[in-house]
Structure formats: structure tokens, C-alpha cells
Colleague: 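Structure provided below as C-alpha cells; questions to follow.
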Amino acid sequence: MSRAPVWPLVLMLVLVSGCGLEPAQGRESGADEPASTSSVAEGEIVRPTVRGQAAPFDPCTVLSWDDLPPEVRHPQRRPPRPWRGPESNPQLVDAGCRLENSLVTVGGTEASHEVFLVIVAWSPKLIYDAGAYHARAEPASIEGRPALISPSTGHNGMREIRMCYVAMRAEGGGAAVEVANNRFRVDECELAVRLARLVARRIP
């Protein structure tokens with residue numbers, strides 16, 4: 001059986017490429033950032049369409065900072081930002097949104113990236129069957145929906161980033177929540193599952 005692309009690693013590529021961050025002393029994400037290079041306007045709330053099929057929910061409104069623990073919330077409650085998946089990934093195109101509270105600190109010639117990022121997504125081809133995904137995925141049930149949970153790690157420079165990806169069945173395809181973190185003391189999978197349960201209760 002062929003395996004699906006490892007989507008959290010695709011998110012990792014977006015993350016280490018900058019994810020909207022620029023090196024600045026003690027700078028939190030969302031503070032005077034440059035305009036997004038996406039064709040989706042900054043701060044625009046969209047109901048994405050994938051291959052001509054409208055998503056059954058808006059990833060930019062299904063969760064808010066109030067759904068996250070107080071210690072990880074952005075101090076200015078930065079609005080969710082539309083997130084565009086790479087065209088090369090058959091699972092996800094134009095159906096995502098991210099909540100971010102990351103920090104970049106410059107010291108000498110190196111920048112330290114402290115990352116906290118939540119991505120919510122939908123795709124008509126998103127895989128939620130652990131057996132069809134990859135070896136590290138575990139089968140699960142999220143509010144009665146078949147699902148998978150996949151913890152992983154990556155690196156941003158010298159720092160490890162812990163990630164947890166939860167995908168589940170949704171109308172017309174699958175929905176996913178991923179948490180990437182090396183900034184706060186939280187259990188990434190516990191938080192990702194908690195958020196996925198909230199999403200499951202709010203979508204068809």
C-alpha cells in the first residue's frame with residue numbers, strides 16, 4: 001500500500017522557511033510583520049474552495065484564541081491568518097488558517113526561534129485513516145469521527161520543535177488540527193486533540 005505524504009513535515013517546511021517571521025530583538029509574531037506573500041489578503045477571512053469544491057467550514061473562524069490555554073494566547077489576540085498549502089501536496093490546497101504566537105530573538109549572528117503555531121485545515125483529499133497515512137500515526141476517534149493522531153519532531157536551526165497532527169473525517173473530506181511548539185510548556189498532542197474535539201463539534 002502506498003503511503004500518503006507526511007503532512008506535518010510539509011508544515012515543518014513552511015515553519016522553518018519563516019512562517020511570517022523576521023529576525024528582530026525579542027519580537028513576537030504579528031508585530032509589524034511584512035505583508036504576506038500569499039494571494040490571500042492579510043487578515044482576510046475566506047471560505048476556501050479546493051478544486052472547485054467549497055469547504056464545509058471556515059478554518060479561520062472555527063477556532064479562536066479563547067479556545068486555547070491562557071498561557072499560549074497571543075497578547076494582542078492576533079487574528080487568525082489564512083494559510084495556503086503548497087500546490088505539490090495533494091492533501092491540502094487553499095484550505096487552512098493559522099493562529100501563531102511565536103518569538104524571534106537575535107543574539108550575535110544567530111536568531112532564536114521560539115515557536116507556537118496552531119494550523120486548522122480542510123481538504124477533500126485529506127487522509128484520516130492511520131493505516132493509509134504513515135507508520136507513526138495512531139488510529140483514534142474524535143467526537144465519533146474516525147481520526148488519526150501523529151506526533152513528530154522537527155528542527156528550526158538548533159532548536160527542536162514538537163508537533164502533533166490530528167486529522168479526522170469531515171463533510172466532503174477531512175479536517176485537521178496541528179500544534180507546533182517549542183515555546184510553552186504544553187503537551188502538544190493533548191492540546192491538538194482538545195482543539196480537534198472543539199472543531200468536530202462545530203463543523204458538519
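What you see below is based on every heavy atom in this structure, not just the backbone, and it leaves out hydrogens, waters and symmetry mates.
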Colleague: Report yes if the side chains of L117 and M163 come closer than 4.5 Å at any heavy-atom pair, otherwise no.
Modeller: no
Colleague: So R159 and H113, do their side chains get closer than 4.5 Å, heavy atoms only?
Modeller: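 No, their side chains stay 4.5 Å or more apart.
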Colleague: I need the single residue from V72, V179, N181 that forms a side chain to side chain contact (heavy atoms under 4.5 Å, CB included) with V118. Which is it?
Modeller: V179
Colleague: Using a strict 4.0 Å threshold on nitrogen-to-oxygen distance, state whether D66 and R77 make a salt bridge.
Modeller: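 A salt bridge is present here (some side-chain N lies under 4.0 Å from a carboxylate O).
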Colleague: Relative to the ring of F184, is the ring of F116 parallel (under 30°), tilted (30 to 60°) or perpendicular (over 60°)?
Modeller: perpendicular
Colleague: When you check the gap from the basic side-chain N to the acidic O, do R202 and D67 get nearer than 4.0 Å?
Modeller: yes
Colleague: Measuring from atom CG of L63 to atom SG of C97, what distance do you get when rounded to the nearest 0.5 angstrom?
Modeller: 9.5 Å
Colleague: Looking at CD1 of I119 and CD of E178, how far apart are the two atoms once the value is rounded to the nearest 0.5 Å?
Modeller: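 It comes to 6.5 Å.
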Colleague: Side chains of N101 and R183: any donor to acceptor distance under 3.5 Å?
Modeller: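 Yes, side-chain donor-acceptor contact under 3.5 Å.
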Colleague: Would you name the heavy atoms of A192 and C164 that are closest together and state the gap between them?
Modeller: CB-O, 3.8 Å
Colleague: Go through R169 and I142 one step at a time and tell me if the side chain to side chain contact (heavy atoms under 4.5 Å, CB included) criterion holds.
Modeller: CA-CA 9 Å; R169 185 176 63 194; I142 302 293; over 6 Å; no
Colleague: Might you point out which heavy atoms bring R201 and E143 nearest each other, and give the distance in Å?
Modeller: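 Nearest heavy atoms, R201 then E143: NH2-OE2, 3.3 Å.
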Colleague: Rounded to the nearest 0.5 Å, how far does CZ of R162 lie from CG of N182?
Modeller: 6.5 Å
Colleague: So S150 and E138, do their side chains get closer than 4.5 Å, heavy atoms only?
Modeller: no
Colleague: For a quick test of reading the model, state the closest non-hydrogen atom pair linking A196 to V177 and the distance between them.
Modeller: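 Nearest heavy atoms, A196 then V177: CA-CG2, 4.0 Å.
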Colleague: If we only count heavy atoms from C-beta on, is the L191 to E188 side-chain gap below 4.5 Å?
Modeller: no
Colleague: So V120 and V62, side chain to side chain contact (heavy atoms under 4.5 Å, CB included) or not? Walk me through it.
Modeller: CA-CA 8 Å; V120 184; V62 71; 3.8 Å; yes
Colleague: Would you check if L99 and R81 make a side-chain contact, meaning some heavy-atom pair closer than 4.5 Å?
Modeller: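 The answer is no; the side chains never approach within 4.5 Å.
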Colleague: Please find the pair of heavy atoms, one from Y128 and one from P146, that lie closest to each other, and give the distance.
Modeller: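 Of all heavy-atom pairs spanning Y128 and P146, the closest is CD1-O, 3.7 Å.
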Colleague: Would you mind checking if R98 and E100 are paired as a salt bridge, meaning a charged N to carboxylate O distance below 4.0 Å?
Modeller: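 Salt bridge between E100 and R98, a charged N being under 4.0 Å from a carboxylate O: yes.
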Colleague: Examine distances only and state if a side-chain atom of W122 and a backbone atom of E171 form a donor-acceptor pair shorter than 3.5 Å.
Modeller: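 Checking the backbone N and O of E171 against the side chain of W122, a donor-acceptor pair under 3.5 Å is found.
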Colleague: Of all the heavy-atom pairs spanning W65 and R78, show the shortest one and how long it is.
Modeller: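 The answer is NE1-O, 2.6 Å.
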Colleague: Keeping the roles fixed (side chain from R145, backbone from A200), state whether a donor-acceptor pair exists under 3.5 Å.
Modeller: yes
Colleague: Please report the closest heavy-atom contact between C60 and G96, naming both atoms and the distance.
Modeller: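 Smallest interatomic distance, heavy atoms only, reads SG-O, 4.5 Å.
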Colleague: Any side-chain heavy-atom pair from C189 and I149 closer than 4.5 angstrom?
Modeller: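 Of all side-chain heavy-atom pairs linking I149 with C189, at least one is under 4.5 Å.
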